[in-house]
Amino acid sequence: VQLVESGGGMVQPGGSLRLSCAASGFTFSSYVMTWFRQAPAKEREWVAINAGNYKNYADSVKGRFTTSRDDAKSTVYLQMNSLKPEDTAVYYCSAALGPTKYWGQGTQVTVSS
């Protein structure tokens, strides 16, 4: 089982990034995919959930972030627009089905001028 995030980097405030999370080793289409983030000295927080027809977002990112998934490619995406310095964090994707949960290794997003 593997979840590999990519697409992170450094961007100026107001900029955009698109994160990808490529999955392998399990039946991707059956899993609920969730994006989390963890800023320095802070707890990991939920950002966005993608269960196919159901999607939801944390209030802090609503209207700026969009999640999508391509089950044929076993990949989930997080489009991040209008980025703010407070969005700086390591972003993780997770896959969940019942009690089973997998995590990726994370990708760093830094928003700074």
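Predicted model, so just to flag it, every value in this text is computed and none were measured.
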I want to check something: taking the side chain as every heavy atom from C-beta on, are [X] and [Y] in contact at a cut-off of under 4.5 Å?
X   : Y   : result
I49 : Y54 : yes
P13 : P85 : yes
S6  : V4  : no

When clusters are formed by joining ILVMFWY residues with side-chain heavy atoms under 4.5 Å apart, either directly or through shared neighbours, do [X] and [Y] land in the same one?
X    : Y   : result
F65  : L17 : yes
Y102 : V32 : no
V61  : F36 : no
V76  : Y57 : yes

Once you round to the nearest 0.5 Å, how far does [atom1] of [X] lie from [atom2] of [Y]?
X   : Y   : atom1 : atom2 : result
W35 : M80 : CH2   : CE    : 8.0 Å
N56 : T34 : CG    : OG1   : 10.5 Å
Q2  : S74 : CD    : OG    : 12.5 Å
S68 : M33 : OG    : CE    : 11.5 Å

Between [X] and [Y] (side chain of the first, backbone of the second, donor and acceptor by atom type, cut-off under 3.5 Å), is there such a pair?
X   : Y    : value
D70 : K73  : yes
E5  : G106 : yes
T88 : V111 : yes

Throw together a table of side-chain donor-acceptor distances under 3.5 angstrom for residues 89-97, partners on residues two or more places apart or in other chains.
unit_1, atom_1, unit_2, atom_2, d
Y91, OH, R37, NH1, 2.9
Y91, OH, D87, O, 2.6

*Does the side-chain contact (heavy atoms from CB on, under 4.5 Å) test come out yes or no for T66 and Y77, once each step is laid out?*
CA-CA 8 Å; T66 303; Y77 305 96; over 6 Å; no
*Test K84 against R64 for side-chain contact (heavy atoms from CB on, under 4.5 Å), laying out the working first.*
CA-CA 10 Å; K84 305 175 181 180; R64 300 187 297 122; 3.8 Å; yes
_When you measure from the centre of the six-membered ring of F28, is the NZ or CZ of R69 closer than 6.0 Å and no more than 45° off the axis?_
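Pair R69/F28 counts as cation-pi.
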[atom1] ([X]) with more than 12 external heavy atoms under 6.0 Å:
X   : atom1 : value
E86 : CD    : yes
K62 : NZ    : yes
K55 : NZ    : yes

*Do the side-chain N and O atoms of N50 and T67 include a donor-acceptor pair separated by under 3.5 angstrom?*
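Result is yes, a qualifying pair exists.
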*May I have the step-by-step check of side-chain contact (heavy atoms from CB on, under 4.5 Å) for R44 and W103, ending in yes or no?*
CA-CA 12 Å; R44 189 172 297 190; W103 288 93; 3.1 Å; yes
*Grab the two heavy atoms, one from S20 and one from T75, that are nearest each other, plus how far apart they are.*
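Heavy atoms of S20 and T75 come nearest at CB-CG2, 4.3 Å.
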*Trace of the side-chain contact (heavy atoms from CB on, under 4.5 Å) decision for S16 with Q79*: CA-CA 7 Å; S16 297; Q79 177 67 43; 4.0 Å; yes
*Who are the side-chain hydrogen bond (donor to acceptor under 3.5 Å, both in side chains) partners of R18, not counting sequence neighbours?*
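R18 satisfies side-chain hydrogen bond (donor to acceptor under 3.5 Å, both in side chains) with no residue once adjacent residues are dropped.
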